[in-house]
Q: 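So that we are looking at the same thing, I have put the structure below in C-alpha cells.
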Amino acid sequence: MKFGVITFPGSNCDQDMIYVLKNVMGCQVANLWHKDHDLQGCDFIVLPGGFSYGDYLRSGAIARFSPIMQEVITFAGKGGYVMGICNGFQILTESGLLPGALLHNDHQKFNCKNVYLQVQTTNSLVTSAYQKGDVIKIPIAHGEGRYFADEKTLQSIVDHDQILFKYCDAQGNITPESNPTPDFNPNGSTMNIAGITNSNRNVFGMMPHPERAADENLKNTDGKKLFESILQKVLA
Amino acid sequence: MSESLTTVDTAKKLGILPEEFEKIKEKLGRAPNFTELCAYSGMWSEHCSYKNSIKWLKTLPKEGPHMLAKAGEENAGLVAIGEGLACAFKIESHNHPSAIEPYQGAATGVGGINRDIFTMGARPIAQLNSLRFGNIDSDRTKWIMRGVVKGIGNYGNSFGIPTVGGEVFFDDAFEQNPLVNAMSVGIVKEGKTISATSYGVGNPIYIVGSATGKDGIGGAAFASGDLTEDSAKDLPAVQVGDPFQEKLLLEASLEVIASGAVVGMQDMGAAGIICSTAEMSAKGQHGMKIYLDKVPTRQAGMQPYELLLSESQERMLVVVIKGQESIIEKIFDKWDLPCANIGEVTAGEKLEFYFEGEMVADLYADHLVLGGGAPQYDREYKEPAYYAEAKKFDANSIPQPKDYKEVARFLISHPNIASKRWIYNQYDSMVGTVNMSTNEPSDAAIVNLKDSNKALAVTVDCNSRYVQADPEIGTMIAVSEAARNIVCSGGVPSAITNCLNFGNPYNPEAYWQFVGAIKGMSAACLKFSTPVTGGNVSFYNQCKVGDKVVPVFPTPTIGMLGIVEDKKHQTGIGFKQAGDHIYILGNVFVDCINSSEYLYSYCQVKNTPAPNFNLEEEYQLHQLVKDLIRSKVIQSAHDVSDGGLICNLLESGFVRQKGFEINQTMDGRKDAFLFGEAQGRVVVSVSPDQIKSFTEVVKKHTLFAESLGIVTNGEVKVDKDNWGHIGDFEKKYLNSIEEKLN
C-alpha cells in the first residue's frame, strides 16, 4: 500500500505524518504538492494538520479549492481511501467529503494537550485493530475543533455507525451533553465527537493527532494501532 | 543628492547625541541628509549598536570546545552537538512592543527569533519563552497576558514549531513593563550553514518575503527609549506579524540555501533594510548599490527613509551568485513569495541607495555597525541604597507560621508556582513529534533528535527577585538553575544564550545591576563550561509613574542548551512507585528563607538578600546527579527552587498521583526546611533495591544525601501530620491561575 501525504502551504504536520508512516510503520510514502494534479498512484491519501493557506478565513476553506484537492475529491468519489487529521479533517468537511463542520472551540482558545478517546466502532479501516470501547490517549492541538452537524445529519451518522472516536476521561466516561466539562470534552463538540467516517467508510477525519502518539521515544504509542489497523486490513 | 542637509537639532529629535552627530559629520565630510541621518538613528540606537553594553558583553566567556560560531559572529550562536549536527539557538526580547500592543508585540518577537535561526540555514525544532507580568489580579496585567499568550500561540502554532518550555513570573515590578523573551533552537548539518555576509562584485541582491510597509518604522529607536505614558502614541512603531508568510519563508529559505546559489543571507529585523545591508556588507568587506524603488511595497508613496527603516516582518536579504538568479527565483515562485532584485554588490565599502534615479544616501557600511564605527560607551555605576538595607535582614525577626499546611496550600496555588497550563495549553507543544517531556515531565525540556541516539535538553531560567536582591549572586543562580535543570533531566550543559533585561543604562544604579549580572554570569558560565553564544540586551525597562521612575527587577534570562548523550539518560521529576525512598542532595543543612516566595509573598517581607548559594557546591551537586543518572540508581530527580522543598515534593507527586511521607531530621527552622529556597539542592527518589548502589555512588562524592522519607500512594504526611491527599493539592495547583483568567 502506498501512502500519499499532501503538503499545502502552511501544512506543518506533513513531515510528522511521513516520519511515522515511513520510519515507524515502514510504509512507502509519497509527499504530494498542493499545486499538482497527480496522486502518483497512491492508495491512501493523508491530509495532514497545520494552517493551510494560513487559515485566515475559515480553516480549510481555501485548501478545498487547491488543484490537488480536485483530484482527491474524484479519488474519494471512486472509493479511494482518504484520511484528514486536524486541519485535514477541516478540509474534508469544507470539501463535503465528510458531513458536519468544525467550529471554534467553545472556550475560544487554541488548546494543545493529551486527551482521551473512546473507540466507538471497529468497523472501519482505521479502527479495526482496536476493541470497541478502548480508551486511548492522543494529543489534540487546535482552535477550531468543535464538531457540529444538524440533527438530521447527526442521526444519520449515528444510524450508520460513522462515529470513530468520542472524547472521554481517562476511565472512558463520556459526560452527558447537558454537562460538558473541559476534562471530558476539550472543545464542546456535539456528542463528544472527535472523529468520523463517511457513509461509504472510505473517508476518515479526526481532530486528535495519532501521528503524535506513535513513536516510542515520546512514551505514548496509543495512536500506533490506527496505522496498524490500516496495514493489517489491507494485508488481510 | 538634492536632499538638504540636516542639523544637530534634527539629530537630537532622532535620538542621536550631539557628539555622535559630530562623529557622523567627520566620517562623511559633511552633514548627513535626512535619509542618512535616519540610517544612523536606527543603526546607532541602543538596540542595534549595543553602545552602552558592548564593553561589558566582551568580558563574557565565549570559548568552548563545541563552539562553531561565537557570540556576535552570526545571527545566532552555533554549537556542535555530535553526529555531524550543529545547534543554532538564541533568545531575544520584545518587551516594549508587548507593553503597547501585547498580541502583535509578542507574535513578532516569536517571528524574529525564528528568522535568526533559519537565516543561518538551521531548521527550528523547539521554542521556549520567558515571560514576566505585573500583578495577576490587575486588569492591565490580564489584558497584557491574554494578548501576549495569544500572540505567541497564534504565531508559533501556525509557524509549526513546538513550544517546549518556558517560565512565567508575576510581580508588581512588571506592572507597566512586561518582559517577553522568546527563544528558538534549530538544527543544521555541520558545514551547511550560511553566513550573513556579502561579497563578489556584481552579485545580485534580492529582497524576499513579505512586501514592505510602513509598520515598525523606528522600532529600534523606540525600543531604545524609556517606556512612558506617551508610548502608546508610538503604536505604528510596533510591527505586524504573519506566521503563514514566515512558514513559507522558512521552507523557501532552507531550499534556497541548499541550492548552493546563495553567498549570504540575513533576516530583516530591527532597522530593516539599512541594518541588513550594512551588517552584511561590513562583514563581507564589500559595498552595495541598492535601488529602493525596486522594493515591493504594501502601500504607495513610501519615502526613502521609510523603506530603509521599515521593520515589516517576514523578509530576508539574499546575496546570490551572479548567473544563478533563475534558481532562486524559481524556488520563491514555488512558494508564492515575492522576490525582487534590488541591487548589486560593489567593490569598496560604500552603501549607495538610489530612489527614482537619484542617489538618496551615500554611506559607509562599516561606520554604521557594531564593531565598526558605532559608538561604544563606558557608563558609570553606583551601588543603590536598597542593597545595603537588604543585608540588615535578620530571619529571627520572622516568627514560625502557625499552620505549615496552610502555607503549603498558599504557595502551591501562588501564581508564581501554580501550574501555568492556562498559558502553555494555548501553545502547540507537540508539533514536530520531538517533545519527549510531554509524557515524562522533567526540569528541562527534552527534544528528540530523530534517528539519533541523542536528544537536546533546553531550559530558560532566571529568578528576577534574586537578581534584584543581589545582581551578581542572582545571575550566578540563574545560570546554575539552568544547568541544574539540564543535569536533573539527564543532559550535560553545553552553552547559553542570554537576554539581558535591565533599566535605563544612564541611571548609575540600574547600570550597577547590569554590571553585577555580567560578573555573575561570567563566573558561573566559566564554572560550568557553558560559553555565552549571544543573545540580546534590552535596556530602558522601566516606567514613569507620576514623576517617579520605577525600574523592573533586573532580569538576565538564561537560555541554556544541553546534550542528552544517550536517550536512556532522560530522567523525569515524577515519583514512580509507592515505597521508593526520597533523598535530598546537596548542602542540606542550610537554614535560609531569604528572598523565598514564602518570605516575599506570605510573610510580605520584600527586601532581603539573595538565598544561600555556593558555586563550587553547586558544581559538585551536578557531578553527583550526573553520576547517579548514569549509574541508573534513581527513579526521579527534581531541583529545589521556587516554593522550596514542599513545592518540589508536591510537583513530583502530581505526575502519577503519588504522595509522600517526610520528616525533618536536621536541626533548624521548620519554615526554612519546608519553604526555604537555598540553592544547590536536588531531590531524588530511589527504589528499595537501588539503595545499596545509590549509597555507593554518593560515597564517591563530596556532598551529602539526606533521607527524607518515602513515596506513598497519595497520602501527604509531614512530620507525622496528615496533610490529606495529593489530589487536593493538585486541584489548587492546576486551577488557581485558570480561575483568575477564565
Side-chain angles (χ1 to χ4, degrees), chain A residues 7-20 22-24 33-35 48-56 59 62 86-87 105 107-115 137-143 170 182-183 186 208-223, chain B residues 123 146 149-150 152-163 242-248 250-252 333-337 421-441 446-453 455 567-568 570 572 657 734 738 741-742:
Chain A
T7 298
F8 298 98
S11 292
N12 58 34
C13 304
D14 47 340
Q15 296 309 315
D16 299 351
M17 182 58 81
I18 290 171
Y19 182 81
V20 167
K22 204 185 263 180
N23 299 47
V24 178
W33 182 240
H34 70 115
K35 288 182 187 172
F51 292 73
S52 53
Y53 302 88
D55 275 347
Y56 288 122
S59 294
I62 306 279
C86 199
N87 190 225
N105 296 347
H107 46 76
Q108 303 296 320
K109 289 195 296 287
F110 187 94
N111 196 2
C112 172
K113 62 179 183 184
N114 277 324
V115 298
K137 185 170 79 175
I138 308 281
I140 53 164
H142 59 249
D183 288 342
H209 288 267
E211 81 279 11
R212 297 185 182 186
D215 179 354
E216 277 168 19
N217 284 310
L218 308 185
K219 293 168 200 72
N220 176 14
T221 52
D222 284 5
Chain B
R123 178 177 284 279
R146 285 195 178 103
V149 171
K150 205 174 171 74
I152 292 173
N154 282 8
Y155 202 101
N157 298 344
S158 176
F159 182 54
I161 309 303
T163 301
D242 179 352
F244 174 57
Q245 290 291 314
E246 177 104 337
K247 169 69 176 166
L248 301 182
L250 160 71
E251 300 300 339
D333 181 57
K334 174 186 164 188
W335 291 98
D336 299 317
L337 281 173
R421 70 173 180 175
W422 184 90
I423 294 167
Y424 67 70
N425 280 353
Q426 295 187 56
Y427 307 148
D428 193 336
S429 57
M430 299 185 228
V431 62
T433 54
V434 291
N435 190 342
M436 293 171 65
S437 297
T438 306
N439 299 303
E440 182 66 71
I446 307 295
V447 179
N448 191 22
L449 295 172
K450 288 179 183 173
D451 305 317
S452 152
N453 205 27
K567 282 174 201 171
K568 289 193 191 96
Q570 184 187 359
Q657 291 291 296
L734 288 178
E738 288 195 348
L741 288 156
N742 277 345

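Since the structure is predicted, the reported quantities are computational estimates derived from the model, not experimental observations. Every chain is numbered from 1, with letters handed out A, B, ... down the list of sequences.
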Q: Quick one: which of A:Val20, A:Asn217, A:Asn111 has the most heavy-atom pairs under 4.5 Å with chain B, could you say?
A: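 When all of A:Val20, A:Asn217, A:Asn111 are compared, A:Asn217 has the most.
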
Q: Name the option with the most non-hydrogen atom pairs under 4.5 Å to chain A; the candidates are B:Leu248, B:Asn154, B:Asp242.
A: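 Top option by heavy-atom pairs under 4.5 Å: B:Asp242.
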
Q: Mind ranking A:Gly49, A:Ser11, A:Pro9 by heavy-atom pairs under 4.5 Å with chain B and telling me who comes out on top?
A: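 Among the listed options, the one with the most contacts to chain B is A:Pro9.
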
Q: Closest approach of A:Gln108 and B:Lys150, non-hydrogen atoms and distance?
A: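 Of all heavy-atom pairs spanning A:Gln108 and B:Lys150, the closest is O-NZ, 4.0 Å.
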
Q: Could you state the interatomic distance from CG (B:Asp428) to SG (A:Cys13), rounded to the nearest 0.5 Å?
A: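 Spacing of CG (B:Asp428) from SG (A:Cys13) equals 6.5 Å.
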
Q: State, yes or no, whether a side-chain contact exists between B:Met430 and A:Asn114 at a heavy-atom distance under 4.5 Å.
A: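 In contact.
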
Q: Report the relative orientation of the aromatic rings in B:Phe244 and A:Tyr53; use parallel for angles under 30°, tilted for 30 to 60°, perpendicular for over 60°.
A: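 Aromatic pair B:Phe244/A:Tyr53 classed tilted.
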
Q: Can you say whether A:Asp215 sits under 4.5 Å from chain B via the side chain, the backbone, both, or neither, judging by heavy atoms?
A: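 Just its side chain gets close to chain B.
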
Q: To the nearest 0.5 angstrom, please state how far the CZ atom of A:Arg212 sits from the OG1 atom of B:Thr438.
A: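 Separation between the atoms: 9.5 Å.
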
Q: Check whether B:Val434 gets within reach of chain A through its side chain, its backbone, both or neither, counting any heavy atom under 4.5 Å.
A: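 For B:Val434, the contact with chain A is made by the backbone alone.
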
Q: Could you look at A:Glu216 and say if it's the side chain, the backbone, both or neither that has a heavy atom under 4.5 Å from chain B?
A: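 Interface part for A:Glu216: neither.
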
Q: Work out which heavy atom in B:Tyr427 is nearest to a heavy atom in A:Phe110; give both atom names and the distance.
A: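 That would be C-CE2, 4.3 Å.
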
Q: Does any heavy atom of chain A fall under 4.5 Å from the side chain of B:Asn157, the backbone, both, or neither of them?
A: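 For B:Asn157, the contact with chain A is made by backbone and side chain together.
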
Q: Under a 4.5 Å heavy-atom cut-off, does chain A meet the side chain of B:Asn435, its backbone, both or neither?
A: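 Answer is backbone: N, CA, C or O of B:Asn435 sit under 4.5 Å from chain A.
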
Q: With rounding to the nearest 0.5 Å, note down the distance linking OG in B:Ser158 to OH in A:Tyr56.
A: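 These two atoms lie 5.5 Å from each other.
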
Q: Counting only heavy atoms not in A:Lys219 (residues, nucleotides, ligands), do more than 12 fall under 6.0 Å from its NZ?
A: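 Result for NZ/A:Lys219: enclosed.
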
Q: What option among A:Lys35, A:Gln15, A:Glu211 has the most heavy-atom pairs under 4.5 Å with chain B?
A: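 Maximum pair count with chain B is reached by A:Lys35.
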
Q: Please look at B:Lys334 and chain A and tell me whether the side chain, the backbone, both or neither of the residue comes under 4.5 angstrom of a heavy atom of that chain.
A: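 Both parts, backbone and side chain.
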
Q: Do B:Asn439 and A:Lys137 pass the side-chain contact (heavy atoms from CB on, under 4.5 Å) test, and can you show the C-alpha distance, the side-chain angles, and the key distance before you say yes or no?
A: CA-CA 11 Å; B:Asn439 299 303; A:Lys137 185 170 79 175; 3.4 Å; yes

Q: When you measure from the centre of the six-membered ring of A:Tyr19, is the NZ or CZ of B:Lys450 under 6.0 Å away and within 45° of the axis?
A: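 Yes, B:Lys450 sits over the ring of A:Tyr19.
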
Q: Nearest 0.5 angstrom please: A:Leu218 CG to B:Ile446 CD1, how far?
A: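 Rounded to the nearest 0.5 Å, the CG-CD1 separation comes out at 12.5 Å.
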
Q: I need the minimum non-hydrogen distance between A:Cys112 and B:Ser429, along with the two atoms involved.
A: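 Taking A:Cys112 first and B:Ser429 second, the nearest heavy atoms are SG-N, 3.4 Å.
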
Q: Looking at every non-hydrogen atom in both residues, tell me the closest pair between A:His34 and B:Asp336 and how far apart they are.
A: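 A:His34 and B:Asp336 have their closest heavy atoms at CE1-OD2, 4.4 Å.
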
Q: Heavy-atom distance under 4.5 Å to chain B: side chain of A:Asp55, backbone, both or neither?
A: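 Contact with chain B: none, neither part.
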
Q: So what's closer than 4.5 Å to chain A heavy atoms on B:Gln570: side chain, backbone, both or neither?
A: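 For B:Gln570, side-chain heavy atoms alone lie under 4.5 Å from chain A.
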
Q: Against chain A, work out which of B:Gln426, B:Lys567, B:Gln245 has the most heavy-atom pairs shorter than 4.5 Å and name it.
A: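 So the answer, after comparing B:Gln426, B:Lys567, B:Gln245, is B:Gln426.
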
